[in-house]
Amino acid sequence: LDRYMTKVSALFAAASLPNVEVRSTFDQLLVVSTIATALAAIANEFVSNSYKHAFPDGRRGAVTLTGRALPSGDYTLELSDNGVGARGHEVRVAQGLGLRIIEAAAAQLGGELRASSDGTGYAMVVDIPAARLNAPVDGPGAAEAMPALTHIAAAPAQAASSDPRR
């Protein structure tokens with residue numbers, strides 16, 4: 001997972017805005033490819049939202065991606081930016097399409113998703129239990145995530161005039 005996510009992070013950095021730095025650190029961990037792909041999808045949506053919303057008017061900043069293998073065997077994916085933060089310190093999950101994808105992927109992984117903002121940045125943490133790390137995504141528990149994925153696919157497009165994350 002560490003090598004794969006490092007390569008994915010390098011792609012983010014290559015596509016980054018000139019005013020935004022991408023930082024990443026991932027602990028070594030061996031997982032099945034469907035788990036790695038779902039984690040990369042979460043990271044992609046977070047980074048895309050950060051590029052789009054966190055750094056207006058050329059504001060300089062960074063997006064940080066960190067993966068930690070915990071002693072318990074669980075895995076934590078921490079995603080943050082030091083951009084403008086959520087409007088009014090409100091933190092909303094699953095409002096825009098990207099955030100709904102993040103929520104669905106976290107559910108598909110059997111993970112717990114938390115989001116926070118201190119007004120000077122935005123952060124998400126996905127905690128994945130050890131029991132799910134080497135289970136195929138279509139294995140036990142994956143069916144519960146499918147309604148969320150179906151809902152995303154069937155949802156009408158939202159107007160692009162407002163930022164659902166901030």
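Note that this is a predicted model, so its numbers are computed, not measured. Numbers here are sequence positions counted from 1. All values below come from the heavy atoms of this structure, side chains included, with hydrogens, waters and symmetry mates left out.
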Side-chain heavy atoms nearer than 4.5 Å, only ILVMFWY residues, links allowed to pass through others: does that put Val125 and Val47 together?
no

Please name the pair of heavy atoms, one in Leu65 and one in Leu79, separated by the smallest distance, quoted to 0.1 Å.
CD2-CD2, 3.3 Å

Any Leu109 side-chain heavy atom under 4.5 Å of Ile42 side chain:
yes

Taking the side chain as every heavy atom from C-beta outward, state whether Tyr4 and Thr37 have any atom pair closer than 4.5 Å.
yes

Donor-acceptor check, side chain of Asn49 to backbone of Lys52, threshold 3.5 angstrom: yes or no?
no

Counting only heavy atoms not in Leu70, do more than 12 sit closer than 6.0 Å to its CG atom?
yes

Considering only heavy atoms from C-beta outward, does the side chain of Leu99 approach that of Ile101 to under 4.5 Å?
no

For Met124 versus Leu113, what's the shortest heavy-atom pair and its separation?
SD-CD1, 4.2 Å

Going from OG on Ser80 to CZ on Arg23, what distance comes out if it is rounded to the nearest 0.5 angstrom?
8.5 Å

Under a 3.5 Å distance rule, please check whether Asp27 uses its side chain to pair with a backbone N or O of Ala69 as donor and acceptor.
yes

Taking all non-hydrogen atoms of both residues into account, name the closest pair between Ala43 and Met5 and its distance.
CB-CE, 4.0 Å

Are side-chain heavy atoms of Glu78 and Thr76 found at a separation under 4.5 Å?
yes

Measuring only between side-chain heavy atoms, which start at C-beta, is Arg114 closer than 4.5 Å to Glu112?
yes

Kindly give the heavy-atom pair with the smallest separation between Phe46 and Ile102, and that separation in Å.
N-CD1, 3.7 Å

With rounding to the nearest 0.5 angstrom, report the OH to CG distance, Tyr51 to Asp81.
11.0 Å

Quick one: closest heavy-atom pair of Gly61 and Phe55, and the distance?
CA-CE2, 3.5 Å

Donor-acceptor under 3.5 Å (Ser16 side chain, Val20 main chain)
yes

Separation between CD of Gln108 and OG1 of Thr34, rounded to the nearest 0.5 Å
8.0 Å

Side-chain heavy atoms under 4.5 angstrom apart, residues restricted to Ile, Leu, Val, Met, Phe, Trp, Tyr: same cluster for Leu11 and Leu17?
no

Going from CG on Leu29 to CG on Leu39, what distance comes out if it is rounded to the nearest 0.5 angstrom?
9.0 Å

Val8 and Leu30: same hydrophobic cluster, using ILVMFWY side-chain contacts below 4.5 Å?
no

How long is the straight-line distance from OG of Ser9 back to CG of Asp2, given to the nearest 0.5 Å?
11.0 Å

Could you tell me whether the side chain of Pro56 reaches within less than 4.5 Å of the side chain of Val84, counting heavy atoms only?
yes

At their closest point, which heavy atom of Ala105 faces which heavy atom of Ala38, and how far apart are they?
CB-O, 4.2 Å

Find the distance between OH (Tyr75) and CG (Leu133) and round it off to the nearest 0.5 Å.
9.0 Å

Donor-acceptor check, side chain of Asp57 to backbone of Arg59, threshold 3.5 angstrom: yes or no?
no

